[in-house]
Amino acid sequence: MSTQQSIKNLLSTRFHTAMQAAGIPADCQPHIAPSKKAGFGDYQANGAMGAAKAIGKIPREVAQAIINNLELDDIAEKTEIAGPGFINIYLSQKWLAQQISNLRTKPDNAIKTETPQTIVIDYSAPNLAKEMHVGHLRSTIIGDALARILEYQGHTVIRQNHVGDWGTQFGMLLVELEKHLTDGEPADLALKDLEGFYQQSKKHFDESEDFANQARDYVVKLQSGDANMLKLWEAFKNISLRHSQEIYDKLNVTLTPDDVRGESAYNDDLSVLVEELKQQKLAVEDQGATVVFLEELADKDGNPSPVIIQKQGGGFLYATSDLAALRYRANTLKADRLMYFIDARQSLHMQQVYAIARKAQFVNNDISLEHHAFGTMMGSDGKPFKTRTGGTVKLADLLDEAIERAEKIVTEKNPNLDIIERNSISRKIGIGAVKYADLSKTRTNDYIFNWDTMLSFEGNTAPYLQYAYTRIQSIFRKAKLLPKELEGEIIIQHDDEKTLAIKLLQSSEVIEQVSKDAYPHLLCTYLYDLASLYMRFYESCPILKGDVSKVEKNSRLQLSDATATVMKMGLELLGIEVMERM
Ligand code: ARG
């Protein structure tokens, strides 16, 4: 086999074979899971009861028949039957040691997928009319974590930043921009404060009839391809994208300008698409607009859900460009899987888009269309996070504050750092804290943003995990050894060594789970548990103390290194950086 399997998959395969040899039908599952309580082995196979039911036999006898046919000597020390027919599995210490040694040399081995797919991930997607604000944080960092994880597994990941660059607001923005340019102000300067610029043009739009009329005229011109308008629009778009790119870089998010494919990119396909939907009789004229009525999404009174795809007067809508984007991703990018990271408040919109795409056969039936919704980031008052005066919080300001706050803490803890190192550590801690606080919460829930908890060095936080990593590095500095110099036997003796080893090997199971369901908090919980188990091991299994034998020291250092490797890999998959000291 080319790739190493996770414990769970390996046991599942072995049990499955044994079950078939015992005359159990192939569709009966072995149900392998880590044991939850001490004294019940390391793993359990819970499938005997179900199998017994299927073939009408006594569960404990079926369990015994499975064990009789089981080939597990290389992996397990012993198996035993418990209760009504659970099979407890005690993993062999020698086998575990070998696995840890493999993990140290090739940490990604068990993580590589055997069935690579092309996966398009839609995330971040701010509207370019304004500056990025906290509302864009969740999509940006959750989407990026998934992009990293799937890529690491060996999938082809195509990032698509579906920015809003084509709405009617562009009319007023272009009129405003043109005024600044004719006054001799360069575009860069005029758009330095994008948010202020937006407010200003909105004010002019609301107050002046002439301005408003000109704005409407400019939208029409822009959308029909007027060269002057396009030039102004390009200038605006480029500057706004530069703002976003600065945020991505600061956030350590992997999006680049090449990943941008905004709403405007689908302009040419919109009328074609509407025509096709009409021909298929899916779209109908309704009060001057073109509408698709979806029975499958009817409300409780049975009224079908209306989706407007073209307004009276000809304008296209958000749903229209999303449909065009979807079929581009499926047919041109040849995606097997489409993942959208968008606020839960857009759930109906996504359901409508997916339903129409399926009905119109814009995509084949095998393609997986997934909306991974998330809740809202709340302030301490339990309402959506705002500035003190109730305004939207710019993402740039929030990130600067995070770094500043981290710097205070870092300086307090370690006043002797030189300024370059202090800045670098503060950035990693501040940004890491903001990202981790978000990623570690169940995605679908709202959560309360709290500076003090996220920056704490205790509990399930980024600083705690980053610190756990640096602690292992400092053990190596004390030992005056580099991890790569370690070789020789790993011995798993103490209970805490065994628990740690098993946890380490479970990293691949967790990553597989996250890549399926897109819940990064599972990886966070895993890393937190791992760090805690390491601390326990560190307490009970001394490494550098005088009376520790050379062999033991060498073995424990290897376990430490394996822990550091997995911590670093896990944090980096979440987009969080580690450091050698702090
Ligand atoms: N620009 C939209 C917004 O800010 C998000 C776009 C999400 N992606 C999509 N394909 N609809 O609400």
Side-chain angles (χ1 to χ4, degrees), residues 119-144 146-147 157-170 173 194-195 198 233 236-237 240-241 243-245 247-248 251 253 255 259-267 269-270 273 292 307-309 315-333 335 337-358 362-363 367-377 384-385 392-396 398 443 518:
I119 303 174
V120 168
I121 309 187
D122 181 311
Y123 69 106
S124 194
N127 290 327
L128 296 187
K130 293 186 180 184
E131 215 164 301
M132 280 181 84
H133 57 83
V134 292
H136 299 115
L137 184 66
R138 302 210 70 189
S139 171
T140 306
I141 63 188
I142 302 172
D144 200 52
L146 261 298
V157 170
I158 306 178
R159 295 163 173 77
Q160 291 283 282
N161 195 354
H162 190 81
V163 298
D165 60 358
W166 206 237
T168 42
Q169 325 94 303
F170 281 92
L173 294 168
L194 203 55
E195 203 60 30
Y198 182 93
W233 171 77
F236 186 96
K237 195 170 93 155
S240 179
L241 280 173
H243 282 281
S244 305
Q245 191 59 45
I247 302 253
Y248 298 147
L251 258 180
V253 155
L255 285 168
D259 304 318
V260 173
R261 195 172 162 92
E263 293 177 15
S264 66
Y266 304 101
N267 195 35
D269 192 33
L270 302 181
L273 188 144
V292 179
V307 187
I308 305 179
I309 52 170
F316 299 103
L317 289 103
Y318 186 44
T320 331
S321 41
D322 253 324
L323 281 165
L326 193 150
R327 69 175 184 178
Y328 167 78
R329 294 164 183 185
N331 305 331
T332 308
L333 298 180
R337 187 177 180 195
L338 293 184
M339 303 172 83
Y340 291 71
F341 289 88
I342 313 178
D343 194 305
R345 285 168 286 197
Q346 293 190 28
S347 293
L348 177 61
H349 165 75
M350 288 320 298
Q351 282 177 28
Q352 292 172 330
V353 168
Y354 291 164
I356 297 174
R358 291 269 188 224
F362 287 163
V363 295
I367 196 169
S368 171
L369 304 177
E370 306 168 19
H371 175 206
H372 298 292
F374 47 80
T376 307
M377 178 171 142
F385 193 79
T392 39
V393 179
K394 289 186 191 180
L395 204 40
L398 182 95
R443 162 167 61 71

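Both counts, for ligands and for their atoms, begin at 1 and track the order of listing.
Considering only residues two or more places apart in sequence or on other chains, Gln351 meets the side chain to side chain contact (heavy atoms under 4.5 Å, CB included) condition with Leu297, Leu348. Listed by chain and residue number, nothing satisfies the ring pair (Phe, Tyr, Trp, His ring centres under 6.0 Å) test with Tyr123 (two or more places apart in sequence, or in another chain).
With Asp122 as the partner, the side chain to side chain donor-acceptor pair (under 3.5 Å) test is satisfied by one option alone out of His371, Arg329, His162: Arg329.
A donor and an acceptor atom, one from each side chain of Tyr328 and Gln160, are nowhere located under 3.5 Å apart.
Note on ring orientation: taking the six-membered ring where Trp is involved, the planes of Tyr318 and His349 are parallel (angle under 30°, cut-offs 30° and 60°).
Using a heavy-atom distance under 4.0 Å as the criterion, the protein contacts of ligand 1 are Asp122, Ala125, Asn127, His162, Tyr318, Asp322, Tyr340, Ile342, Gln346.
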Name every donor-acceptor pair, under 3.5 Å, that has one atom in a side chain of residues 124-133 and the other anywhere in the protein, sequence neighbours excluded.
{"unit_1": "Ser124", "atom_1": "OG", "unit_2": "Thr140", "atom_2": "OG1", "d": "3.0"}
{"unit_1": "Ser124", "atom_1": "OG", "unit_2": "Tyr248", "atom_2": "OH", "d": "2.6"}
{"unit_1": "His133", "atom_1": "ND1", "unit_2": "Gly135", "atom_2": "N", "d": "2.9"}

